[in-house]
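Contents: one structure, followed by commentary.
Numbering of residues begins at 1 and proceeds along the displayed sequence.
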Amino acid sequence: MSHLPHQLVAAAGAGLLLITAILPAAPAQAQAQEPPFNRGTDTACRADNEAGATFVDVPADSVHARAIDCLWIYQIARGSLDDGDTVFSPRQTVSRQQMASFLARTIDSVPAQVYALPVDDGSATDPPFEDADDISTAHEASVSRLTDAGIIDGFTDGTFGPGETLTRAQMATFIVSAVEAIISTPLEPADVFDDLTAPHDTNIRKLASIGVTAGTGPGTYEPAAPITRAAMASFLARTLDHLADVDLFDPIAFAVGTGVTLGLTDVDLGVRDDADRVTFTVEGDDDLAGWRIGYVDEATEQGTGNPIDVGGDAILRVILTGMAYPFDLPDDVADRRWVQDRVAFDGGAAIVEVVDDSVFEGQQVLFIGTTGKLPFTVQRLEDPQRIYINISHPG
């Protein structure tokens with residue numbers, strides 16, 4: 001029985017009739033164009049991100065290593081444990097149900113005011129497929145949410161094929177459907193590959209038009225080939241990069257911390273050239289603080305989820321990792337701990353105020369109210385350890 005996706009059957013049939021009608025007058029097939037560009041990941045996966053050797057089975061010199069780290073930073077890829085080591089299994093293929101979960105997490109990384117999938121609160125309908133019972137519990141919610149949103153579909157025989165290996169062609173349709181839902185407009189296809197056939201050919205060409213794929217060689221895409229987890233990571237990281245380029249995705253800054261021994265002793269606000277600066281001073285043992293810094297839709301308390309009032313038009317959340325509870329700090333550090341709930345900044349064009357939440361399970365959360373979603377940079381200096389966040393002035 002045919003395994004064409006439902007929504008593509010009519011289009012594929014219509015395309016066949018059209019080609020049949022014009023074949024007698026058709027010229028020789030033109031050579032495919034060069035891909036418009038081969039997109040990197042530096043916009044979404046910032047240059048100052050320090051993911052480190054997250055997965056023991058991903059070589060640092062792999063062409064996919066940065067993309068895999070990027071998906072881990074955004075918790076799109078989480079890996080698995082193998083004899084106590086965290087592994088990614090980059091050479092393994094991806095099943096259709098696994099891709100649903102990767103794709104749902106990718107979409108969930110987009111700001112809610114831009115686009116949001118149906119909430120996973122039990123209200124999503126059961127997957128409407130004859131083989132729904134074969135969908136793993138771990139992936140059932142993702143398949144349901146994406147199906148309810150009209151982003152993924154099954155085959156013409158009424159099945160989804162959850163355990164089937166995803167092909168490079170099918171992956172293109174998954175991703176393009178998600179991107180077009182997020183941007184609310186169809187992508188324009190680019191004529192770059194010679195080895196494409198219906199029903200996924202248009203979506204592959206659309207993916208090339210935004211630089212998410214440059215193919216496997218001159219004029220080739222290999223649509224029927226299975227997709228590996230490593231290649232999938234590069235496709236999704238470049239998809240995030242496109243969304244960041246069109247201001248529909250907010251990149252975060254990330255660095256790995258060491259230990260849980262530090263305390264925040266000072267928060268200083270100042271203006272430097274065309275940016276406002278927040279300086280966080282952390283002291284304690286010789287450990288390094290880590291951070292996860294990015295814009296959020298709203299400020300909420302750790303643990304309770306209760307809203308926190310933060311002034312300004314945008315909220316930059318700062319999560320400092322490696323932070324100890326006050327009673328675990330050395331006395332000299334505990335005595336100098338920064339204990340203000342909030343501090344306003346009257347002299348800046350970018351920063352309105354800084355609001356502290358709390359220390360919980362090794363991380364301290366603070367919120368910076370800003371005058372807009374403005375570019376920012378993060379750097380660390382030592383002796384004492386200071387984390388600088390420079391937020392650009394508007395305009």
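Remark: side-chain polar atoms of Arg168 are paired, donor with acceptor, to backbone N or O of Tyr221 under 3.5 angstrom. At least one donor-acceptor pair closer than 3.5 Å links the side chain of Asp157 to the backbone N or O of Thr159. Between the side chain of Asp241 and the backbone N or O of Thr43, at least one donor-acceptor pair lies under 3.5 Å. In this structure, Asp276 contributes its side chain and Ala350 its backbone to a donor-acceptor pair below 3.5 Å. In this structure, the side chain of Thr213 does not engage the main chain of Leu207 through any donor-acceptor pair within 3.5 Å. No donor-acceptor pair under 3.5 Å is formed between the side chain of Asn390 and the backbone N or O of Arg277. Under a 3.5 Å cut-off, the side chain of Arg336 and the backbone N or O of Asp332 do form a donor-acceptor pair. At distances below 3.5 Å, not a single donor-acceptor pair connects side-chain atoms of Ser392 with backbone N or O atoms of Leu374. Counting only distance, with no hydrogens or angles, the side chain of Asp131 and the backbone of Gly161 share a donor-acceptor pair below 3.5 Å. Remark: the backbone N or O of Thr261 is not paired with any side-chain donor or acceptor of Asp285 at under 3.5 angstrom.
Contact between Thr93 and Gln98 at its shortest, heavy atoms only, is O-OE1, 3.9 Å. Taking every heavy atom of both residues into account, Val260 and Gly362 meet most closely at CG1-CA, 3.8 Å. Listed here is the closest heavy atom pair of Thr41 and Ala237: CG2-CB, 3.7 Å. Smallest separation of non-hydrogen atoms from Arg380 and Ala289: NH1-O, 2.5 Å.
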Asp245/Arg39 under salt bridge (Lys or Arg N to Asp or Glu O under 4.0 Å): CA gap, chis, key distance, verdict: CA-CA 11 Å; Asp245 265 354; Arg39 175 178 295 281; 2.7 Å; yes
Step-by-step side chain to side chain contact (heavy atoms under 4.5 Å, CB included) determination, Tyr74 to Ile252: CA-CA 8 Å; Tyr74 290 106; Ile252 66 170; 3.5 Å; yes
Verdict with reasoning, Phe160 to Thr147, per side chain to side chain contact (heavy atoms under 4.5 Å, CB included): CA-CA 10 Å; Phe160 180 71; Thr147 302; 5.8 Å; no
Intermediate values then yes/no, side chain to side chain contact (heavy atoms under 4.5 Å, CB included), Thr265 and Trp338: CA-CA 5 Å; Thr265 59; Trp338 192 75; 5.8 Å; no
Derivation and outcome, side chain to side chain contact (heavy atoms under 4.5 Å, CB included), residues Val114 and Leu243: CA-CA 11 Å; Val114 172; Leu243 294 174; over 6 Å; no
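Between Gln97 and Pro127, every side-chain heavy-atom pair lies at or beyond the 4.5 Å cut-off. Taking the side chain as every heavy atom from C-beta outward, Cys70 and Asn49 never approach each other to under 4.5 Å. Looking at Arg238 and Ile210, their side chains never come closer than 4.5 Å, going by heavy atoms from C-beta outward. In this structure the side chain of Val354 never reaches within 4.5 angstrom of the side chain of Gln340, judged on heavy atoms. At least one side-chain heavy atom of Leu81 sits less than 4.5 Å from a side-chain heavy atom of Thr86. With a 4.5 Å cut-off on side-chain heavy atoms, Leu262 and Gln385 count as touching. With contacts defined as side-chain heavy-atom distances shorter than 4.5 Å, the pair Val271/Phe345 qualifies. Taking the side chain as every heavy atom from C-beta outward, Glu353 and Val310 approach each other to under 4.5 Å.
Other residues, nucleotides and ligands contribute only 12 or fewer heavy atoms inside 6.0 Å of the CG atom of Asp273.
A side-chain donor from one of Asn203 and Thr173 sits under 3.5 Å from a side-chain acceptor of the other. Side-chain contact annotation: Gln302 with Gln363, donor-acceptor N/O pair under 3.5 Å present.
Here the CZ-CZ distance, from Phe376 to Arg46, works out to 4.0 Å after rounding to the nearest 0.5 Å. Note that the CZ atom of Arg317 and the CD atom of Glu298 stand 10.5 Å from one another [nearest 0.5 Å]. Here the CG atom belonging to Asp133 is positioned 8.5 Å from the CD atom belonging to Glu140, to the nearest 0.5 angstrom. Note: Asp346 CG to Ile351 CD1 = 12.5 Å, rounded to the nearest 0.5 Å.
Between Arg145 and Asp108, at least one side-chain nitrogen of the basic residue sits less than 4.0 Å from a carboxylate oxygen of the acidic one, meeting the salt-bridge criterion.
Stacking of Arg96 on the aromatic ring of Phe174 is not recorded, the 6.0 Å distance cut-off and the 45° axial limit not both being met.
The ring-ring contact (aromatic ring centres under 6.0 Å, His included) analysis of residues 299-331, with sequence neighbours excluded, yields the pairs Tyr325-Phe327.
With respect to Ser101, the side-chain hydrogen bond (donor to acceptor under 3.5 Å, both in side chains) criterion is satisfied by exactly one of Ser142, Ser136, Ser95: Ser142.
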